[in-house]
Amino acid sequence: MPEISTDLERALALLRAGGVVAVPTETVYGLAADARNPDAVRRIFAIKGRPADHPLIVHIASAEAMTDWARDIPEAAWRLARAFWPGPLTLILWRRPEVPDVVTGGQDTVGLRVPDHPLTLELLRRFGGGLAAPSANRFGRISPTRPEHVVDELGEAVDLILDGGPCGVGVESTIVDLTGSTPAVLRPGGIPLEAIRSVLGRPVDYSSGGGPVRAPGMLPSHYAPATPLAILPADRLWDEAARRAQAGARVGVLTHGLPRAMPGVFVLCLPNDAAEYARELYAALRVLDEEGYDGILVEAVPDSPEWLTVANRLERAAAVALP
Ligand code: TXA
Ligand code: MG
């Protein structure tokens, strides 16, 4: 078992010595190392099995620290930072030349965010630098939202897990690229698209599919359980579950409506509220995945702005299609 603790000084000592520490954020747990130490950052890639060209987000203690990592920072960045930091927003900016290539995947840009978790914010303040941290899961898998998920994902490979309890937001940060002529949301997340548009007061690009893959979180198979998964509208969900169960399959169902009891069908019910659903989604997918069902059926969520991030993560989880 890796060490799980709330000891900030121990985490600091490990990070200063080039160690890798799992840290809580309001979105998901991150796997952190000193962003100025290329060897330490390389360990993150090795532990996750992550391809080297996939850049990491640098976590900083305050908006002012943006200037340590980015250059030519547009007014829009300061505005978004004022509105949403600390919080689930990542800004893609032009990087300063000193930022190690291993952090940016060799790109000329860097992702920055101030996470909204008291323990990790205090850690960042005492550390005084930036912490490069992807989600603390193996590459392509479901992000961890509780310390025990990190244990399941990474085991002994991580030096320490800083225990900040369950994550309050439960899905990753919204990524906004400010290096193009129009701001572009590369990944929907904890901050709604509409909130970003309203703070910027101008159009913001977002395309749910298509376009070149700029971020690995945009690969279709990201955030996926190993069990095949299908998304179905509520009016087909239970018939389909019954049909599969009658054919001898063991079926897991994820609903946010009224659960039904059926032989051979295991039902998990999430809240019918987008923010509460998001908070519990990854833990629920983990539970369903661990049961080794033949398939998971997920009730489709509403096609409305507040459900956009949840819908996006469910689509990716369904990349292993159910036959
Ligand atoms: O909520 C979050 O963002 C969590 C917590 C730990 O902060 N982190 C997270 O990191 O989700 P990760 O590495 O799993 O996903 C970060 C995404 C990746 O899709 C990566 O490609 C993208 O951010 N990214 C990072 N730097 C980038 C850059 N310079 N240009 C474009 N995309 C970038
Ligand atoms: Mg990730």
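Numbers for residues simply follow the sequence, beginning at 1. Predicted model only: the values in this text are computed from it and were never measured. When a ligand or atom number is given, it counts from 1 through the structure's own listing order.
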Exercise. Hey, is D108 close enough to R71 for a salt bridge, meaning N to O under 4.0 Å?
Worked result: yes
Exercise. Can you tell which part of H59 has a heavy atom less than 4.0 Å from ligand 1: side chain, backbone, both or neither?
Worked result: side chain
Problem set entry | D177 and ligand 1 - part of the residue with a heavy-atom distance under 4.0 Å | neither
Problem set entry | Flag side-chain contact, heavy atom, 4.5 Å: L8 against R126 | yes
Exercise. Quick one: which ligand 1 atoms are inside 4.0 Å of a heavy atom on E172?
Worked result: 1 (O), 2 (C), 11 (O)
Exercise. Is it true that R113 lies under 4.0 Å from ligand 1, counting heavy atoms only?
Worked result: yes
Exercise. Do I73 and T67 have side chains that get closer than 4.5 Å, going by heavy atoms?
Worked result: yes
Exercise. Shortest non-hydrogen contact from G292 to R250?
Worked result: O-NH1, 3.4 Å
Exercise. Backbone or side chain, does any N or O of Y29 fall under 3.5 Å from an N or O of ligand 1?
Worked result: no
For this session: Answer yes or no on whether R243 is positioned over the face of W238, meaning its NZ or CZ is under 6.0 Å from the six-membered ring centre and within 45° of the axis.
Result: no
Exercise. Under 3.5 Å, N or O to N or O, is S173 touching ligand 1 that way?
Worked result: yes
For this session: Answer with yes or no whether R187 contacts ligand 1, where contact means a heavy atom under 4.0 Å from a ligand atom.
Result: yes
Exercise. If you count the atoms of ligand 1 from 1 in the order shown, which ones are under 4.0 Å from a heavy atom of V110?
Worked result: 29 (N)
Exercise. With a 4.0 Å cut-off on heavy atoms, does T104 reach ligand 1?
Worked result: no
Exercise. Counting backbone and side-chain atoms alike, does S135 have an N/O/S atom under 2.8 Å from the Mg ion (ligand 2)?
Worked result: yes
Exercise. Side chain, backbone, both or neither: which part of R50 comes within less than 4.0 Å of ligand 1 when only heavy atoms are counted?
Worked result: side chain
Problem set entry | Ligand-side contact atoms (ligand 1) for residue partner I175, heavy atom cut-off under 4.0 Å | 17 (C), 22 (C), 23 (O)
For this session: State plainly whether the residues R236 and E299 are in salt-bridge range, i.e. N to O under 4.0 Å.
Result: no
Exercise. Nearest non-hydrogen atom to atom 14 (O) of ligand 1 belongs to which of P144, S135, G105?
Worked result: S135
Seminar exercise, completed: Per-atom filter on ligand 1: closer than 4.0 angstrom to a heavy atom of T27 are 1 (O), 2 (C), 4 (C), 5 (C)
Exercise. Minimum heavy-atom separation for L124 to A61, with atom names?
Worked result: CB-CB, 3.9 Å
For this session: Report, in ascending order of atom number, the atoms of ligand 1 lying under 4.0 Å from any heavy atom of T109.
Result: 28 (C), 29 (N), 30 (N)
For this session: Might you point out which heavy atoms bring L91 and A77 nearest each other, and give the distance in Å?
Result: CD1-O, 3.7 Å
For this session: Check step by step if side chain to side chain donor-acceptor pair (under 3.5 Å) holds for S173 and T90.
Result: CA-CA 6 Å; S173 60; T90 295; 2.8 Å; yes
Seminar exercise, completed: Minimal heavy-atom distance between G189 and T309, with the atoms involved, is O-OG1, 2.9 Å
